[in-house]
Amino acid sequence: MATQHLSAALPAPAVPAAYPMATPGYGKRSAPGQQPGTPDDFALLPTRERYVAGFVDHLPDGAAMSVKQLAKQLPLYGQQAISTALKALSVAGHLRRVRCSVGAGDETRWVFRTFWSRTARDNEWWTAYLATENASRTASPTAAPQAPSASAEPPAPAAVPQQRTVPDPAPAPETAPAAPTPAPTTAPSPAYLALAELGRRDIRLALSADDCAALEPQAAAWFARGVDAEYLIAALTAGLPAQVDCPPRFVRRRLTDKIPPRLPTEPSTPNTGTPAPRILMECTDCGRPGRPEALPDGLCRPCRAAHSEGGGTPSVDPVEIADVKAHMANIRDLLKAP
């Protein structure tokens, strides 16, 4: 159970008008169902986490949420302190970092977002919410094109003006009969072309046209098992002896002995029909992806164990930080003095 921290916290700085926005599709996303903002929204958090949470809560959707950008706007804390504060806010139930799959087919890419909730949520709420987001992204209904209406009347034929009749032309004189058109020749098959290519790759396997036609059915059986011409040529020309006395007999023997296995036409693993997840949660500390139920508090197992054992990094009062900086500046001035 959280312990209330009664120490006064500095007010969160106002969000500048020129705060950088993330690339479209990235950045902050506000979770639904949040309560209206009040001055005591983050009263149960330590000073540093209260300071960072107040600033993040006022950021617009789509704002950059990287540790580096937040540290630039919050000069009281460095990047390490901001990272630790975000991890504490994740454990408190205010944020979750996720990666979302957008696009389809070859255009699929992952975008990284930070879901933020002013109202602290437990792990069950975040799991249910991200599951709903995942379901809405997985379902992509497409509108069917409208069929033409059956009751639509066909277009009226265009009016054709009446043409004057033209007298039949005089019969042309008889000419010599045209020469018969030669029958089109069929293109050679890939198996035939692969056999013909053997002699170009290695002169020891030069085959005649009749040899290629005789061996074509055996080579076609290789193509039926899913191999291509390069695979067939490499298999037949690999490890040739110094002299091949009869190339057709040698190639026939290799086509029989080295024929590849028949691959199954269907995948060996049964298709369960479960679509791939389009949203994966990320560990707030190390960025390791996983399903929401595998990352309670937004942390993976190693980071959660380290956070539990260390109890988190103790929060430092901003007033103390300012005093330390002033003291260090005073020491530097004394060292510069003659």
Side-chain angles (χ1 to χ4, degrees), residues 1-77 79 81-98 100 111-133 136 279 281-282 284-285 292 296-299 312-313 315-319 321-322:
M1 183 176 178
T3 304
Q4 188 171 6
H5 296 261
L6 301 178
S7 59
L10 294 178
V15 178
Y19 187 84
M21 301 297 288
T23 305
Y26 293 72
K28 176 188 173 182
R29 290 293 184 275
S30 297
Q34 302 185 45
Q35 297 178 357
T38 63
D40 299 329
D41 284 330
F42 310 106
L44 298 180
L45 297 176
T47 303
R48 180 183 57 196
E49 284 70 19
R50 209 183 324 170
Y51 184 76
V52 175
F55 179 77
V56 172
D57 188 53
H58 288 83
L59 291 177
D61 278 8
M65 282 291 294
S66 65
V67 173
K68 185 176 182 180
Q69 289 294 344
L70 291 175
K72 286 182 179 180
Q73 304 297 328
L74 302 175
L76 291 179
Y77 302 105
Q79 295 186 26
I82 295 295
S83 176
T84 305
L86 292 178
K87 180 172 64 174
L89 291 175
S90 176
V91 174
H94 291 286
L95 71 85
R96 290 292 186 271
R97 291 193 183 274
V98 301
C100 307
V111 298
F112 302 89
R113 297 172 179 171
T114 300
F115 285 96
W116 172 261
S117 174
R118 181 187 309 113
T119 304
R121 307 291 188 179
D122 55 15
N123 293 320
E124 289 74 14
W125 188 94
W126 280 112
T127 301
Y129 170 65
L130 294 179
T132 304
E133 285 285 313
S136 63
I279 290 184
M281 187 184 293
E282 278 192 346
T284 307
D285 192 12
D297 296 334
L299 300 176
T313 304
S315 177
V316 182
D317 195 333
V319 178
I321 296 178

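In what follows, every heavy atom counts, from backbone to side chain, and hydrogens, waters and symmetry copies are set aside. We're numbering straight along the sequence, starting at 1. Remember, it's a predicted structure, so these values are computed and weren't measured experimentally.
Considering all non-hydrogen atoms of both residues, S90 and G298 come closest at OG-CA, 3.5 Å. Across all their heavy atoms, G93 and W126 have their closest contact at O-NE1, 3.2 Å. Across all non-hydrogen atoms, the minimal contact from P20 to Q69 is CG-OE1, 3.1 Å. When every heavy atom of A85 is checked against every heavy atom of R48, the shortest pair comes out as CB-NE, 4.1 Å. In terms of heavy atoms, A92 sits closest to A120 at O-CB, 3.4 Å.
One distance of note links CG of L130 with CZ of F115; it measures 6.5 Å at 0.5 Å rounding. Atom CG of D57 sits about 5.5 Å away from atom NZ of K28, to the nearest 0.5 Å. Separating the CD atom in Q34 from the CG atom in D41 is a distance of 9.5 Å, to the nearest 0.5 Å. Between atom CG of residue D285 and atom OG1 of residue T84 there is a gap of 7.5 Å, rounded to the nearest 0.5 Å. Taken to the nearest 0.5 Å, the CG atom of L45 stands 4.5 Å off from the NE2 atom of H94. A distance of 10.0 Å separates CE of M281 from CG of L299, quoted to the nearest 0.5 Å.
Contact check for Y26 versus M65: no side-chain heavy atoms found under the 4.5 Å cut-off. The shortest distance between side-chain heavy atoms of P60 and M21 falls below 4.5 Å. When side chains are defined from C-beta on, L59 does not count as touching T114, because their heavy atoms never get closer than 4.5 Å. The side-chain heavy atoms of E133 and V98, taken from C-beta on, include no pair separated by under 4.5 Å. Under the 4.5 Å side-chain criterion, counting only non-hydrogen atoms from C-beta, V56 is not in contact with L95. Under the 4.5 Å side-chain criterion, counting only non-hydrogen atoms from C-beta, T284 is not in contact with L89. Here the side chains of R96 and N123 are in contact, with some heavy-atom distance below 4.5 Å. Within the 4.5 Å cutoff, the side chain of Q79 has heavy atoms near those of the K68 side chain.
By the side chain to side chain contact (heavy atoms under 4.5 Å, CB included) test, E124 is found to be paired with D122, residues two or more places apart in sequence or in another chain being considered.
Aromatic ring pairs are classed by plane angle as parallel below 30°, tilted from 30° to 60° and perpendicular above 60°; the pair F55 and Y19 is perpendicular. Aromatic ring pairs are classed by plane angle as parallel below 30°, tilted from 30° to 60° and perpendicular above 60°; the pair W125 and Y129 is parallel.
The backbone N or O of Q35 lies less than 3.5 Å from a partner atom in the side chain of R118, making a donor-acceptor pair. At least one donor-acceptor pair under 3.5 Å links the side chain of T132 to the backbone N or O of A128.
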